[in-house]
Amino acid sequence: ISLDLVAGMLGLYSLGQGGFFGIGAYLTTIVINNYEWSPFLTLLGVLAVTGAVGVVVGAMSLRVSGLYFAITTFIFTLVLTVLATDLKITGGLQGMLGPAFPDFPDGWDWLGSSIAWCVMLGLLLCIGVAWSIRRSPLYPVLLSIRDAERFAQAAGARTALIKIGFFGVSAAMAGGAGWLFSFLGVVSPGQFDWSVSLNILVMVLIGGVNTTLGPVIGAGFVSMFPALVNINPWIQEMLYGALSVLAVTLLPGGVM
């Protein structure tokens, strides 16, 4: 959903979502494990930091467009992966053990896993944000920037400011996903490399660009495919690639 905000509404296909995802996960793990911050106070910090990084990266990357923008954000993810691998504070290649998420109070145990409910709440909030934007007066302005930026600028839209701001919101949303991910186990560099950003792009393309629920459907397919199709890894990758290409080719607008 975070990628679809900028890809669908502004035509900015970013390959940096894995990097923002990793920043959120590492920052959460380091702050809670080392400084014993509250998880929910940490969330506010994560959203602020990843949003600010997104604004900076967006301001630099948006000097170019199209393929060059994707390459710039791709390099951003590569640099972060190298740093996470080499720095001592991130645990190197072995990574770090993620913090524990607070359990439900006594008497609420029947609800099950508290982090699972928090993930669902986060998903619903992100869907709500995307749904609200698509039904706001801002949405036609975003589409005009995507399809005819010079005309939108001539009509008075502050195109650069809007694009950078939205990229910051998208980065903060990906950082929030990293906050949630840190509570699920080990946080290591391999979980946030370039292939993660590529998989997120595939999720959006399969589900449907600029649709509210399309990315959720695409994410479900990409996430469940390895678990449901448990065959030879090489054949599995080939089958996954072929299905992805067929889905994008036969359904260019996505499943939605």
Side-chain angles (χ1 to χ4, degrees), residues 1-21 23-24 46-80 125-178 194 196-198 200-216 218 248 251-254 256:
I1 296 174
S2 72
L3 176 59
D4 193 41
L5 278 182
V6 289
M9 299 184 193
L10 290 172
L12 301 173
Y13 287 87
S14 167
L15 291 176
Q17 302 306 103
F20 299 121
F21 183 51
I23 290 175
V46 165
L47 294 178
V49 170
T50 51
V53 174
V55 167
V56 173
V57 173
M60 294 188 295
S61 302
L62 290 172
R63 294 178 181 273
V64 295
S65 59
L67 177 62
Y68 298 102
F69 173 78
I71 292 173
T72 305
T73 54
F74 176 73
I75 293 171
F76 164 73
T77 301
L78 287 180
V79 170
L80 285 179
L125 286 173
C126 291
I127 291 174
V129 169
W131 183 85
S132 299
I133 293 173
R134 288 193 173 91
R135 280 153 184 81
S136 72
L138 179 63
Y139 185 57
V141 179
L142 298 174
L143 296 186
S144 68
I145 295 173
R146 182 193 69 184
D147 298 331
E149 184 173 349
R150 291 186 179 180
F151 287 97
Q153 195 169 12
R158 302 182 66 179
T159 56
L161 187 64
I162 291 173
K163 288 163 70 175
I164 292 171
F166 253 73
F167 195 75
V169 171
S170 170
M173 195 176 287
W194 62 269
V196 174
S197 294
L198 194 60
I200 294 172
L201 179 59
V202 172
M203 292 173 185
V204 174
L205 293 176
I206 289 178
V209 178
N210 202 24
T211 59
T212 302
L213 294 179
V216 181
V248 173
L251 298 170
M256 286 296 291

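For the numbers below, each heavy atom of this structure counts, side chains included, while hydrogens, waters and symmetry mates do not. Residues: numbered from 1 along the sequence shown.
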Asker: Rounded to the nearest 0.5 Å, what's the gap from CG on Leu10 to CZ on Phe69? Could you check?
Answerer: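 One finds 9.5 Å between CG of Leu10 and CZ of Phe69.
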Asker: To the nearest 0.5 Å, what is the distance between CG (Leu12) and CD1 (Ile145)?
Answerer: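 That separation rounds to 9.5 Å.
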Asker: Is the shortest side-chain heavy-atom distance between Val57 and Thr72 below 4.5 Å?
Answerer: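 Contact flag for Val57/Thr72 side chains = no.
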Asker: Does anything in residues 8-18 pair up under salt bridge (Lys or Arg N to Asp or Glu O under 4.0 Å), and if so which pairs, sequence neighbours excluded?
Answerer: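 Salt bridge (Lys or Arg N to Asp or Glu O under 4.0 Å) check on residues 8-18 returns no pairs.
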Asker: Of all residues at least two apart in sequence or in a different chain, which pass the salt bridge (charged side-chain N to carboxylate O under 4.0 Å, His left out) check with Arg146?
Answerer: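 Arg146 satisfies salt bridge (charged side-chain N to carboxylate O under 4.0 Å, His left out) with no residue once adjacent residues are dropped.
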Asker: Examine distances only and state if a side-chain atom of Asp4 and a backbone atom of Asn210 form a donor-acceptor pair shorter than 3.5 Å.
Answerer: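 Indeed, once roles are kept as given, a pair shorter than 3.5 Å links the two residues.
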Asker: Show the nearest heavy-atom pair for residues Ala171 and Gly54, with the distance to one decimal.
Answerer: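 Minimum heavy-atom contact is CB-CA, 3.6 Å.
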Asker: Rounded to the nearest 0.5 Å, how far apart are CE of Met173 and CD of Gln17?
Answerer: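 Rounded to the nearest 0.5 Å, the CE-CD separation comes to 10.0 Å.
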Asker: Hey, what's the ring geometry for Phe76 with Phe20, parallel, tilted or perpendicular (30° and 60° as the breaks)?
Answerer: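 Aromatic pair Phe76/Phe20 classed tilted.
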Asker: Examine distances only and state if a side-chain atom of Ser197 and a backbone atom of Gly18 form a donor-acceptor pair shorter than 3.5 Å.
Answerer: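 Between the backbone of Gly18 and the side chain of Ser197 there is a qualifying donor-acceptor contact (under 3.5 Å).
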Asker: What closest approach, in Å, do Ile133 and Met9 show between heavy atoms, and which atom pair accounts for it?
Answerer: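 So the minimum-distance heavy-atom pair works out to CG2-SD, 3.6 Å.
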Asker: With a 3.5 Å distance limit and no angle check, can you tell me whether Thr73 reaches the backbone of Ser14 through a side-chain donor-acceptor pair?
Answerer: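 Answer holds: no.
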Asker: If you count every heavy atom of other residues, nucleotides or ligands that lies below 6.0 Å from Arg135 atom CZ, does the total exceed 12?
Answerer: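 Yes, because the 6.0 Å sphere around CZ of Arg135 holds more than 12 heavy atoms from other groups.
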Asker: Nearest 0.5 angstrom please: Leu67 CG to Ile71 CD1, how far?
Answerer: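 It is 4.0 Å, given to the nearest 0.5 Å.
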Asker: For Tyr139 versus Arg134, what's the shortest heavy-atom pair and its separation?
Answerer: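 Shortest heavy-atom contact: CD2-O, 3.5 Å.
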Asker: Find the distance between CG (Leu125) and CD1 (Ile1) and round it off to the nearest 0.5 Å.
Answerer: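 Separation between the atoms: 10.0 Å.
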Asker: With a cut-off of 3.5 Å and sequence neighbours excluded, list every side-chain donor-acceptor pair involving residues 153-167.
Answerer:
| residue | atom | partner | partner atom | Å |
| --- | --- | --- | --- | --- |
| Lys163 | NZ | Glu149 | OE1 | 3.2 |
| Lys163 | NZ | Glu149 | OE2 | 3.3 |

Asker: Mind listing the closest non-hydrogen atom pair of Leu143 and Gly8 along with its distance?
Answerer: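 Scanning both residues, the minimum pair turns out to be CD2-O, 4.5 Å.
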Asker: For Phe74 and Trp194, what are the C-alpha separation, side-chain angles and deciding distance, and is it a side-chain contact (heavy atoms from CB on, under 4.5 Å)?
Answerer: CA-CA 7 Å; Phe74 176 73; Trp194 62 269; 3.2 Å; yes
Asker: Between Ser170 (side chain only) and Ser2 (backbone N and O only), is there a donor and an acceptor less than 3.5 Å apart?
Answerer: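 Indeed, once roles are kept as given, a pair shorter than 3.5 Å links the two residues.
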Asker: Does any N or O in the side chain of Thr77 come within less than 3.5 Å of the main-chain N or O of Leu15, such that one atom is a donor and the other an acceptor?
Answerer: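 Answer holds: yes.
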